[in-house]
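Okay, structure first, notes after.
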Amino acid sequence: MRTRSAAAFLAALLAAATLLLAPAAPAAAHNTLQAATPAQDARLTAAPTTVTLRFLQQLNPEFTTIVLSDSGQRKVPTGAPVVDGPTGTISVDEPLANGTYTVAYRVVSADGHPVQGSYRFTVADPAAAAVPAPAAATTGGDAGPTSTAAGPASAAAGGDDGPPAVLLAAGVVVVVAVAGAALLLFRRRRAS
Ligand SMILES: [Cu+2]
């Protein structure tokens with residue numbers, strides 16, 4: 001009888017651990033970026049006039065944001081996103097100078113949860129001048145790679161809201177340890 005209740009207790013703890021893990025699963029159903037033009041980390045010899053992002057799921061035009069900014073984190077003038085099924089496109093209003101640009105997006109998943117991310121591409125037109133750097137004014141025509149101190153840690157595509165796997169793993173370890181201790185306690189009580 002005692003053994004059975006201890007086993008039931010352990011089973012309950014394991015069920016709790018499973019519940020802890022469960023919220024990570026629906027992330028698979030979220031919208032994700034499938035393809036982009038310009039592509040991530042592309043180095044273009046001609047400035048693009050549009051940015052097109054293709055996602056896994058249909059986009060809602062009302063909740064689709066695509067923003068282009070330069071290496072100084074200044075917003076580049078673009079048109080509003082034009083949505084066609086799972087694809088969103090913005091037109092770039094002004095010719096882009098040489099430099100590194102960030103495309104940031106925010107869309108919603110089929111379940112209504114927002115998904116956001118960003119990526120960079122570089123314009124390196126040999127015939128064009130470099131974009132004037134905001135702080136470290138690099139005068140002279142040296143078109144070397146100037147973007148060393150750029151924006152926030154490049155959160156690669158697919159920013160998600162779930163807790164990191166390490167935390168989940170740590171949670172499972174704790175739960176299993178507690179379960180083991182509890183089982184030991186039950187056995188000691190039974191023995192005494
Ligand atoms: Cu969701």
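Read the numbers this way: they start at 1 and go in the same order the structure lists the ligands and their atoms.
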Can you name the N, O or S atom of His30 that is closest to the Cu ion (ligand 1)? NE2
Could you tell me which N, O or S atom of His113 is nearest to the Cu ion (ligand 1)? ND1
Using modelled atom types only, decide if a donor and an acceptor are shared between the side chain of Ser109 and the backbone of Asn31 within a distance under 3.5 Å. yes
For the residue pair His113 and His30, does the interplanar ring angle fall in the parallel (under 30°), tilted (30 to 60°) or perpendicular (over 60°) class? perpendicular
Flag the pair Pro48 / Tyr101 as yes when at least one side-chain heavy-atom distance between them is below 4.5 Å, and no otherwise. no
Within a 6.0 Å radius of atom CG on Asp84, are there more than 12 heavy atoms belonging to other residues, nucleotides or ligands? no
Tell me which N, O or S atom of Asp111 sits nearest to the Cu ion (ligand 1). OD2
